[in-house]
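Remarks on the structure that follows.
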Protein chains: 2
Amino acid sequence: MSPSIKDVAERAGVSVGTVSNVLNHPERVAESTRATVLAAISALGFVRNSSAAQLRAGTSRSLGLIVLDLANPFFHEVARGVEQVADELGYAVVLCNSDDQTARENRYLQVLEEQRVRGVLITPVEVGSERLDALRRRGTPTVLVDRHDPRVNCCSVAVDDVVGGELAGAHLLSLGHARILHVTGPLSLRQCADRLAGLRRAVAAAGHDPDTAIEVIEERAMNARTAYDAARARFARDDEVGAVFCANDLMALGVLRAALSSGRRVPEDLAIVGYDDIEFAADAAVPLTSIRQPTQQIGRAAAQLLVEECDHPRTHAHQQVMFKPELVVRESTAG
Amino acid sequence: MSPSIKDVAERAGVSVGTVSNVLNHPERVAESTRATVLAAISALGFVRNSSAAQLRAGTSRSLGLIVLDLANPFFHEVARGVEQVADELGYAVVLCNSDDQTARENRYLQVLEEQRVRGVLITPVEVGSERLDALRRRGTPTVLVDRHDPRVNCCSVAVDDVVGGELAGAHLLSLGHARILHVTGPLSLRQCADRLAGLRRAVAAAGHDPDTAIEVIEERAMNARTAYDAARARFARDDEVGAVFCANDLMALGVLRAALSSGRRVPEDLAIVGYDDIEFAADAAVPLTSIRQPTQQIGRAAAQLLVEECDHPRTHAHQQVMFKPELVVRESTAG
DNA sequence: TGGAGATCGTGAAACGTTTCATTCCACGAG
DNA sequence: CTCGTGGAATGAAACGTTTCACGATCTCCA
């Protein structure tokens with residue numbers, strides 16, 4: 001197989017310990033020997049075997065990151081933030097995609113634990129997973145991303161969706177819309193429920209009755225297609241809708257399409273607010289007002305918390321970090 | 001630290017060899033002993049140390065996959081295809097994102113080689129990388145994704161972009177458009193050059209002169225924003241544009257927005273064809289005609305070729321697989 | 001001249017598995 | 001009663017590193 005440190009030592013005429021030192025503590029070995037060893041290394045095409053290194057070392061310099069859906073821009077922004085911090089601190093990141101399936105999540109947790117990663121960042125399919133608790137009990141630090149642990153057994157980083165819903169609602173109210181249509185996904189999802197709660201809070205704060213001022217359309221899937229169909233059906237019924245708040249940008253784009261294709265002008269006839277501020281929101285047929293989440297920061301904060309816990313397990317205290325989202329106004333409400 | 005196989009053996013009152021057998025060849029150990037050992041394992045919370053296992057085994061069951069940009073739907077579809085095949089064949093996939101930076105690519109190649117992955121799937125930042133050649137020379141099989149190696153030193157899987165451009169061109173020509181505007185990215189990119197070449201071929205085949213029938217706008221970036229700006233500027237000049245073919249869907253969406261906001265109707269006044277058929281193409285304000293690439297299949301084929309080479313290195317012959325793209329007609333040309 | 005440091009290099013142990021030749025044991029056939 | 005057979009468990013070697021206590025050599029100064 002591939003040459004080992006021993007082959008290098010032999011060829012360079014030194015001991016294996018010296019070769020190892022060249023690799024890990026170059027300052028401990030004399031200039032000339034170092035040169036000889038490096039020459040031997042490149043002559044043989046030696047590449048360190050990290051299994052052996054890690055076995056001996058007993059600990060690794062890597063973190064696991066398990067996300068729900070790599071196709072979702074939210075998560076690769078998070079991943080980017082995690083990678084930045086990991087890089088700065090000399091850690092490697094093992095990226096895993098659970099695809100929202102518990103089985104996949106558990107398999108990856110197993111693999112990561114077998115690899116003895118230093119810690120794990122995860123958006124669990126559901127909080128309170130037994131497998132995850134076990135990992136933590138056995139001593140691998142864990143940070144929840146975009147989720148909170150009610151029992152506060154670990155750190156977590158998330159964004160306040162209630163505030164997000166409130167921002168959207170207050171914005172539409174400030175434009176004079178007293179009635180708001182809310183197109184959302186399953187209200188059993190914490191995100192959707194929170195965003196609606198925020199919207200209700202804004203409406204109540206403006207002195208209206210949420211139950212009558214807000215009309216909710218709840219769909220199974222949160223994509224453009226279902227929102228398009230739902231909006232067309234709603235628009236066919238009557239013309240009373242003047243403002244829509246959607247639980248994510250894809251749905252908002254679906255509503256936008258339905259509006260345009262039914263002859264409505266946006267924002268003159270219909271104001272639309274989305275959520276997430278995906279890259280394409282700004283480039284839609286009518287650029288979309290949306291709620292932006294500090295995604296990279298979430299990743300950065302989560303990685304920092306994790307490394308902090310890895311480095312000072314005794315003194316570490318778990319924290320629940322909560323970021324605030326931000327309103328980005330564009331043409332779809334800029335009437 | 002975490003309990004080892006030795007601790008388990010002790011607790012179960014057997015030898016370490018037996019514990020290892022329970023883990024790897026359960027059929028070799030008697031029912032009752034197996035039960036005792038499994039009980040000890042779960043009592044201690046034992047998790048196998050994969051570094052040690054792999055060190056001893058000398059070889060791993062994992063493949064590396066290095067992509068240019070995880071934010072690009074093309075690549076995570078490819079990744080999904082790779083994962084499917086890897087799963088079926090019992091391999092694990094290590095996913096890496098080079099972000100189009102040679103430095104990151106090289107770092108990941110190094111890491112993967114140190115981990116002794118069985119093989120590497122990669123879309124290199126540029127073909128002919130020395131680091132990649134070195135990897136291959138040292139015996140790690142390699143497959144290029146969405147690229148070809150002119151020297152045929154390895155397998156590769158790609159899509160025929162010339163055919164794609166030809167399909168788009170032929171489609172517009174068949175609708176009666178004799179003049180076509182082509183909005184594209186840097187023609188130094190193989191993809192862009194090929195798509196244009198295909199367009200020219202279609203135009204020539206229809207009996208027109210490509211040089212006069214095709215107007216090319218070449219932009220630095222291939223996103224909606226730059227295409228929007230370019231299209232607005234072009235539309236301001238005159239009204240002679242009746243058909244546009246864009247080198248990717250994001251650009252097409254930018255052109256679509258420019259058209260709508262300048263009062264043009266799509267497809268009545270302007271027919272638009274994109275490329276890639278990204279998920280959102282079907283849900284745009286006017287659903288977009290596009291060229292679809294068999295992305296998952298690319299991933300599947302690449303993984304199959306790689307595993308084939310890993311399993312039969314002696315008899316393996318390198319192949320260059322080339323898929324054909326497909327035209328998807330939607331409203332943006334359905335005049 | 002001798003001795004104290006400093007500077008470099010050595011060699012063996014250890015990390016946690018898997019493998020495989022070996023031993024152990026029970027049982028049935030002769 | 002012996003022998004052979006085969007299933008089950010054992011124990012030591014090996015994988016490629018890193019570490020660390022220990023030598024060897026050299027330098028410098030009393």
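Just so we're on the same page: letters track the sequence lines, and every chain starts at 1.
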Verify the contact: side-chain N or O of [X] to OP1 or OP2 of [N], cut-off strictly under 4.0 Å; return yes or no.
X	N	answer
A:Thr18	C:dT10	yes
B:His25	C:dT19	yes
B:Asn24	C:dT18	yes

note = Of A:Ala57 and A:Gly17, the one whose closest nucleotide on DNA chain C sits nearer the 5' end is A:Gly17
query = Quick one: side-chain hydrogen bond (donor to acceptor under 3.5 Å, both in side chains) pairs with a partner in residues 64-76 of chain A, sequence neighbours left out?
reply = none
Exercise answer: donor-acceptor pairs, residues 21-30 of chain B side-chain atoms, under 3.5 Å, sequence neighbours excluded:
from    : atom 1 : to      : atom 2 : distance (Å)
B:Asn24 : OD1    : B:Arg48 : NH2    : 3.0
B:Asn24 : ND2    : B:Ser20 : O      : 2.9
B:Asn24 : ND2    : B:Ser20 : OG     : 3.3

Between [N] atom [atom2] and [X] atom [atom1], what is the distance in whole Å?
X	N	atom1	atom2	result
A:Gln54	C:dA14	CD	C1'	16 Å
B:Ile5	C:dC15	CD1	P	14 Å
A:Glu114	C:dC15	CD	P	20 Å
A:Glu27	C:dG9	CD	P	12 Å
B:Gln115	D:dC15	CD	P	22 Å
A:Arg116	C:dG16	CZ	P	9 Å
A:Arg56	C:dA12	CZ	P	16 Å
B:Arg28	D:dT10	CZ	P	15 Å

request  = Say whether, by atom type as modelled, one donor and one acceptor occur between the side chain of A:Arg104 and the main chain of A:Asn97 under 3.5 angstrom.
outcome  = yes
query = Within the distance-only criterion (no hydrogens, no angle test), does the side chain of A:Thr36 pair as donor or acceptor with the backbone N or O of A:Ala12 below 3.5 angstrom?
reply = no
note = Here the pair of heavy atoms bringing A:Thr142 nearest to A:Leu306 is N-CD1, 4.0 Å
key: A:Gln320 versus A:Ser156, closest heavy-atom pair with distance   = OE1-OG, 3.1 Å
message = Can you list, in residue-number order, the parts of residues 6-16 of chain A that come under 4.0 Å of DNA chain D, counting heavy atoms only?
response = none
note = In numerical order, the residues of residues 32-43 of chain A whose heavy atoms come under 4.0 Å of DNA chain D are none
Sugar-phosphate, base or nothing in reach of [X], heavy atoms under 4.0 Å:
X	answer
B:Gly58	nothing
B:Ser4	sugar-phosphate
B:Ala30	sugar-phosphate

Heavy atoms from other residues, nucleotides or ligands near CD of A:Glu279 exceed 12 (cutoff 6.0 Å) = no
ask   = Closest to the B:Asn21 side chain: C:dT18, C:dG9, C:dT19?
value = C:dT19
Minimum-distance nucleotide (side-chain atoms of A:Ala53 versus C:dC15, D:dT18, C:dT18) = D:dT18
List the atom pairs, with distances to 0.1 Å, where a side-chain N or O of residues 119-131 of chain A and a protein N or O form a donor-acceptor pair under 3.5 Å, not counting sequence neighbours.
from     : atom 1 : to       : atom 2 : distance (Å)
A:Thr123 : OG1    : A:Val145 : O      : 3.0
A:Ser129 : OG     : A:Arg131 : N      : 3.3
A:Ser129 : OG     : A:Leu132 : N      : 3.1
A:Glu130 : OE2    : A:Arg137 : NH2    : 3.2
A:Arg131 : NH1    : A:Glu113 : OE1    : 3.4
A:Arg131 : NH2    : A:Gln110 : OE1    : 2.9
A:Arg131 : NH2    : A:Glu113 : OE1    : 2.9

task = Using the test ring pair (Phe, Tyr, Trp, His ring centres under 6.0 Å), find all partners of B:His316 that sit at least two apart in sequence or belong to another chain.
result = B:His318
key: NZ/NE/NH1/NH2 to OD/OE distance under 4.0 Å, A:Asp87 and B:Arg107   = yes
